[in-house]
2 protein chains.
Amino acid sequence: MGRPTMNDVARSAGVSLKTVSRVVNGEATVDPALAARVRAAVASLGYRPNLGASMLRRNDRRTRTIGVLLEDVSNPFSAAVNRAIEDESRGRGVHVLTGSLDEDPVRERDLAVAFARRHADGLILAPTAPDQGYLATDWQPGTPVVFVDRPPTGYRGDAVLATNRSGTAEAVRHLVARGHRRIAFLGDAPRIATARSRRQGYRDAMREAGLPTCETVAPDCGAEAATLALLTLPARPTALFTAQNLITIGALRALRRLALQHRVALIGFDDFPLADLLDPPVTVVAQDPVAMGRAAARALFERIDGHTEEPREISIRTMLIPRGSGELLPA
Amino acid sequence: MGRPTMNDVARSAGVSLKTVSRVVNGEATVDPALAARVRAAVASLGYRPNLGASMLRRNDRRTRTIGVLLEDVSNPFSAAVNRAIEDESRGRGVHVLTGSLDEDPVRERDLAVAFARRHADGLILAPTAPDQGYLATDWQPGTPVVFVDRPPTGYRGDAVLATNRSGTAEAVRHLVARGHRRIAFLGDAPRIATARSRRQGYRDAMREAGLPTCETVAPDCGAEAATLALLTLPARPTALFTAQNLITIGALRALRRLALQHRVALIGFDDFPLADLLDPPVTVVAQDPVAMGRAAARALFERIDGHTEEPREISIRTMLIPRGSGELLPA
DNA sequence: CTACTGCAAGACAACGTTGTCTCTCGATTC
DNA sequence: GAATCGAGAGACAACGTTGTCTTGCAGTAG
């Protein structure tokens, strides 16, 4: 004997199947006495409606589930986006299936397919594959996709992006204004869209100031080594811009190691907890992952509700938070 | 016209519905020529099986979905647990529905009910309600629940717990061994099970050493104020044990504010990023959230696979990581 | 040449629910 | 007092799949 069904409840209450359905769905056209009998039977049998079966039959064909694919739900940025999406979904009775991509294009595609099979009502995706063209065949046409953090390639959809380029340019100008002329940029591989935008911002500001650029690609795990190499150059930079969280932390370690943390300025992209408790406190270009998650969820739900305008690009402003490390003057 | 169904594929390939089903499910008893026709039709129509309908009819009645309810998927501990569960599920083709409870018992129950309606195959729960007795009526009997981080009350199930009590006692002994006699404990309200265990560990060690206890309940948001109050007492403690992440950080801020960070020792429960870059580096009792998530997921899958032994309690060892703040000597 | 075997493929019911149609019966209207 | 109406309740089909049973047909043995 599996779990009880509406039929079991109907038999137990001595009414028809359909009457149970009406009571369970709160339709008003049921005699209060019958409704009470039904509710008693529901309680005594421990009946619980089968959402899958109900979905199958209903006209709106909604599973009230969305898929969320982020870089890694355990990193602070993705986790905050994830949480904001959850909060935005809660009020609508929508639940969230999550997946971490770890920069793996195959996983991105596999999980998109898996969520499509589950008939998710929509997808929020921080793309990692070089191209999202596969969505045209693997994702259900007509079911909305909203991109977050990184723009899509080869597929059209709303995108919620931080002001990567202008935010970085602002930070570099901040360094220039304090007299720095040798400002190095440490960033991710240009394969990643956000890395490209931030690099552009750096170049914008350096060109404006008529300064030569100095760019390094720093792998997440090798950021400390890359920074050490940079800082032991003959004409070492007097300021660093680190274009991503893990790189910032690697750079901090390198500066600490060389006891240069009070002599070389540093601004990092993306805020992190305790940045203000370090010595010196770390100046950052803060993103607003909560606003990004919220905006993405809202855009998705608008589409799910039938909005059918041209895809939009929604910018979430970054904010320069001066704390000390970015205000150090050149030696 | 909605998305194509097996029937559409069958018509398009000129075969029966059932043959399509066989091909889609990879059954061997289909003529290769027919199978090829079916596959072509699947591709050309963009057919994607409806997992909900399939679930409904299949004998095993599995949704290949589990529910995960944690304190807050954006806090580093929960996020790491969440990620470990995801990794453990991936290989089994199981997807994860997540929810954040924010210490709200109502939300715990509501989300458990919602996941039950969705026929999740199992639930991993970090309980926040004072009692999980509701599961007996609201959760499907026979569908497994595994508890993580905190033990259940009023319901039996496997539980994966950190060594809260012994880990705390070890840390307090560490302080005692360095000559501290006035050691204060700052912890969460005793409503929370882990807070109680850690408090017990503190009492164990203090009694062992014959020292008087000094305990404060510090709300997450007011940890800094609570610490300030404690440190301005006439006979102020020479060492602090903070029983939780946010409290540790509040205490750090308070110590910094009073410029006591090099004079009052501090050990915190639960590690956090950058603890080693602070001044002084922060000694912690580290939990292993990845091991906890993994153990919980494995236990759940064993139950789903039919294991039916007595519920177990699985301990995940904490580890004292001496970094500096816990090795300061009393003034 | 007939009867039997085996296997591929189709017909049909069923999973648990909701949409639609029909029926009954009491209340309202002229 | 007969015709009309409305509302509550049930019968039945349908959603998209899979389990089971039946059919048809080729191959084999007697």
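Each chain gets a letter, A, B and so on, in the order the sequences are listed, and its residues count up from 1.
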Without decimals, in angstroms, what is the distance between [X] [atom1] and [N] [atom2]?
{"X": "A/Leu17", "N": "D/dA9", "atom1": "CG", "atom2": "P", "answer": "15 Å"}
{"X": "A/Tyr47", "N": "C/dT17", "atom1": "OH", "atom2": "C1'", "answer": "7 Å"}
{"X": "B/Arg37", "N": "C/dA9", "atom1": "CZ", "atom2": "P", "answer": "10 Å"}
{"X": "B/Lys18", "N": "D/dT23", "atom1": "NZ", "atom2": "P", "answer": "18 Å"}
{"X": "B/Glu27", "N": "C/dC7", "atom1": "CD", "atom2": "P", "answer": "15 Å"}
{"X": "A/Asn50", "N": "C/dA14", "atom1": "CG", "atom2": "P", "answer": "18 Å"}
{"X": "A/Asp60", "N": "C/dT18", "atom1": "CG", "atom2": "C1'", "answer": "11 Å"}
{"X": "B/Arg11", "N": "C/dG10", "atom1": "CZ", "atom2": "P", "answer": "14 Å"}

- Message: Taking salt bridge (Lys or Arg N to Asp or Glu O under 4.0 Å) as the definition, give me every residue that meets it alongside A/Arg118, ordered by chain and number, with sequence neighbours left out.
- Response: none
Just call it for [X]: base, sugar-phosphate, or nothing, with non-hydrogen atoms closer than 4.0 Å on any strand.
{"X": "B/Asn25", "answer": "sugar-phosphate"}
{"X": "A/Val24", "answer": "nothing"}
{"X": "A/Leu51", "answer": "nothing"}

- Pairwise 5' ranking along DNA chain D for B/Pro49 and B/Arg22, keeping only the more 5' one: B/Pro49
- Query: Would you say B/Arg150's side chain and B/Pro127's backbone share a donor-acceptor pair under 3.5 angstrom?
  - Reply: yes
Inspect the contact between [Y] and [X] and indicate whether a charged nitrogen and a carboxylate oxygen are less than 4.0 angstrom apart.
{"X": "A/Arg64", "Y": "A/Asp121", "result": "no"}
{"X": "B/Asp87", "Y": "B/Arg90", "result": "yes"}
{"X": "B/Arg312", "Y": "B/Glu302", "result": "yes"}

- Task: Please evaluate the base of D/dG16 for a donor-acceptor partner in the side chain of A/Arg61 within a cut-off of under 3.5 Å?
- Result: no
- Message: Let's test your reading of the model: under 3.5 Å, does the base of C/dG16 pair with the side chain of B/Arg57 as donor and acceptor?
- Response: no
Which nucleotide, [options], lies nearest any side-chain atom of [X]?
{"X": "A/Asp31", "options": "C/dA9, D/dG8, D/dT17", "result": "D/dG8"}
{"X": "B/Ser21", "options": "D/dT18, C/dT17, C/dT18", "result": "D/dT18"}
{"X": "B/Leu56", "options": "D/dA11, D/dT17, C/dG16", "result": "C/dG16"}

- Under 4.0 Å between a side-chain N/O of A/Ser54 and OP1 or OP2 of C/dT17, yes or no? no
- Message: Strictly below 4.0 Å: does B/Thr5 bring a side-chain N or O up to OP1 or OP2 of D/dG16?
- Response: no
- Message: For A/Tyr47, does the six-membered ring have the charged nitrogen or CZ of A/Arg3 within the cation-pi criterion, i.e. under 6.0 angstrom from the centroid and within 45° of the normal?
- Response: no
- Message: Taking the nucleotide of DNA chain C with the nearest heavy atom to each, does B/Thr19 or A/Arg48 sit closer to the 5' end?
- Response: B/Thr19
- Mind grabbing the angle between the end helix axes of the helix from C/dC1-D/dG30 to C/dC30-D/dG1? Five pairs an end, 10° rounding. 50°
- Residues forming a side-chain contact (heavy atoms from CB on, under 4.5 Å) with B/Asn50, sequence neighbours excluded: A/Leu56, A/His119, B/Ala53
- Query: Which of these, B/Leu111, B/Leu123, B/Thr65, sits in a side-chain contact (heavy atoms from CB on, under 4.5 Å) with B/Leu97?
  - Reply: B/Thr65
